[in-house]
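Protein chains get the first letters and strands the later ones, always in sequence-line order, with residue 1 at the start of each. As the structure is a prediction and not an experimental result, all values here were calculated from the model. All values below come from the heavy atoms of this structure, side chains included, with hydrogens, waters and symmetry mates left out.
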There are 2 protein chains.
Amino acid sequence: MSLREKKVEKKKEEIRKSAMSVIAEKGYHATTMEDIAAKLLMTKGSVYYYFKDKESLVYESHKLLLEQSMEQLQNVLAEELPSVAKLRKAMVVHMENVITERTDFFIGVKPDQVFEGEHLQEILHLRNQYSDCMNRLIQQGMEDGSFVQVDMKIVNYIILGAMNNAVIWYSPKGSKSIEELANSIADYLLKILL
Amino acid sequence: MSLREKKVEKKKEEIRKSAMSVIAEKGYHATTMEDIAAKLLMTKGSVYYYFKDKESLVYESHKLLLEQSMEQLQNVLAEELPSVAKLRKAMVVHMENVITERTDFFIGVKPDQVFEGEHLQEILHLRNQYSDCMNRLIQQGMEDGSFVQVDMKIVNYIILGAMNNAVIWYSPKGSKSIEELANSIADYLLKILL
DNA sequence: TTAAAATCTGACTTGACATTCAAAGTCAGA
DNA sequence: TCTGACTTTGAATGTCAAGTCAGATTTTAA
């Protein structure tokens with residue numbers, strides 16, 4: 001990649017970050033392209049130089065986040081760990097993502113209210129992929145007898161729902177660190193499976 | 001109440017219902033006053049005859065729903081039941097509300113992105129009240145030894161989060177009836193406390 | 001140094017709503 | 001039947017944010 005391309009990519013990355021951050025703060029509909037630009041001391045016009053429109057910017061941002069989370073999850077999947085520890089780790093990683101990225105995206109807005117066509121398909125696909133991985137973790141645990149038999153689908157919804165919802169109530173002012181919090185939530189949720 | 005007042009109240013009720021229904025369908029920001037009116041074969045002008053503005057309409061609708069849920073919860077609280085059965089019933093009732101009203105209990109938007117001032121305060125107050133009631137149920141169970149000791153606040157967030165999230169994924173096409181679904185979710189969540 | 005390429009700017013256009021309002025329509029009861 | 005209060009209508013208005021674009025400015029590389 002040429003220097004120029006690197007610079008452009010860096011700028012795009014900054015803009016994506018800014019977008020995610022402002023959206024996490026104010027919600028998708030309340031954040032304007034000017035907000036996103038202002039945060040970087042730019043003007044709207046510049047943002048449009050890098051991104052076709054708001055939808056594309058948000059799509060790319062969201063996609064990247066999902067892909068990164070997916071990759072982390074895959075890494076956990078690949079580890080040599082007993083089922084319980086593996087699922088536990090996956091949950092902790094997820095919680096940390098939810099809290100640090102504050103991506104209200106999993107709950108705030110339904111994807112079909114923001115994306116269309118290809119973009120919508122891709123986002124749904126990535127989400128399903130993620131969800132499937134979690135399912136696999138539960139499945140494995142049930143097969144090797146680490147977990148009790150449960151309705152995988154429902155339990156998965158419960159687990160992801162409980163975790164994603166933290167965006168709404170988490171506050172850095174709380175007495176627990178993110179790590180502690182992630183761990184205790186993971187422990188509580190694991191009790192459903194033990 | 002005079003005949004006319006009854007008629008007005010009935011109309012307002014219809015409009016609130018329509019608003020909640022369209023919002024559940026398309027999301028708060030995507031639903032226009034015309035959508036809400038059209039569903040009742042009215043024009044938006046009429047809606048404005050009954051409600052000052054969109055915010056007020058949604059506020060009143062949402063408030064009523066919260067109050068109704070609160071009342072149901074209070075009724076459960078008042079019943080003579082062992083802790084486990086009581087919390088279980090509260091959860092089932094909540095789930096049924098979430099699914100039938102399809103208002104994620106909360107519009108899918110954080111309240112401070114919709115309401116302001118007094119209205120916002122009142123909505124937050126009602127939510128807290130509701131949450132406190134759930135807390136009380138957990139507290140009681142821990143005190144009488146029915147539940148293990150847990151961090152009440154976190155567990156409460158988990159429980160409400162997991163349940164509210166059902167708005168996102170519930171589909172009437174699923175094989176389980178609402179009642180079955182509510183029951184199995186309640187059972188899974190109770191395992192956290194047993 | 002300098003001209004072409006890449007970036008950036010901000011005023012402008014557009015369109016989608018929310019909200020208003022004057023006029024028209026409805027209806028219970030005198 | 002008539003009247004006046006109550007309702008409804010839909011066109012007009014106001015607002016706000018997305019998206020555009022003709023330059024202005026900065027960077028690149030010869």
Distances for protein N or O near nucleotides 17-20 of chain C N or O, under 3.5 Å:
residue, atom, partner, partner atom, Å
C:dA18, OP1, B:K54, NZ, 3.0
C:dA18, OP2, B:M33, N, 2.9
C:dT19, OP2, B:Y48, OH, 2.8
C:dT19, OP2, B:K54, N, 2.9
C:dT19, O5', B:Y48, OH, 3.4
C:dT19, O4, B:K44, NZ, 2.9

Show each protein N/O and nucleotides 3-6 of chain C N/O combination with a separation under 3.5 Å, one pair to a line.
residue, atom, partner, partner atom, Å
C:dA6, O3', A:R4, NE, 3.1
C:dA6, O3', A:R4, NH2, 3.2

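No side-chain donor-acceptor contact under 3.5 Å links A:S131 to the backbone of A:R127. Under a 3.5 Å cut-off, the side chain of A:S69 and the backbone N or O of A:L65 do form a donor-acceptor pair.
Summarising the geometry, the separation between CE on A:M42 and C1' on C:dT9 is reported as 12 Å, rounded to the nearest angstrom. When the C1' atom of D:dA17 is taken as reference, atom CG of A:L57 falls 15 Å away, rounded to whole Å. Rounded to an integer number of Å, the gap from CG of A:L40 to P of C:dC8 is 11 Å. For the pair A:I36 CD1 and D:dG19 P, the computed distance is 11 Å after rounding to whole Å.
For the side chain to side chain contact (heavy atoms under 4.5 Å, CB included) test, no residue two or more places apart in sequence or in another chain qualifies with B:S175.
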Query raised in the report: Using Watson-Crick and G-U wobble pairs whose two distances are both under 3.5 Å, how do you write the pairing of DNA chain C as dot-bracket, with | for links to another strand?
Result: ||||||||||||||||||||||||||||||
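The shortest distance between side-chain heavy atoms of A:N156 and A:L160 falls below 4.5 Å. With a 4.5 Å cut-off on side-chain heavy atoms, B:E96 and B:E101 do not count as touching. Side-chain contact between B:F115 and B:V58: present, with at least one pair of heavy atoms (C-beta onward) separated by less than 4.5 Å.
Contact record, A:M163 with A:M91: SD-O, 3.7 Å, taken as the closest heavy-atom pair.
Listed by first then second residue, pairs satisfying side-chain hydrogen bond (donor to acceptor under 3.5 Å, both in side chains) with a partner in residues 83-93 of chain B read B:E79-B:K89, B:S83-B:D144, B:R88-B:N183, B:R88-B:D187, not counting sequence neighbours. Applying the salt bridge (charged side-chain N to carboxylate O under 4.0 Å, His left out) test to every pair with at least one member in residues 164-173 of chain B, sequence neighbours left out, gives no pairs at all.
In this structure, A:Y50 reaches the sugar-phosphate backbone alone: every heavy-atom distance under 4.0 Å involves primed, P, OP1 or OP2 atoms, never a base.
Residue B:T43 places no side-chain N or O under 4.0 Å from the OP1 or OP2 atom of D:dT8.
Within a 6.0 Å radius of CD in A:E179, other residues, nucleotides and ligands contribute 12 heavy atoms or fewer. Atom CD of B:E180 is surrounded by more than 12 heavy atoms from other residues, nucleotides or ligands within 6.0 Å.
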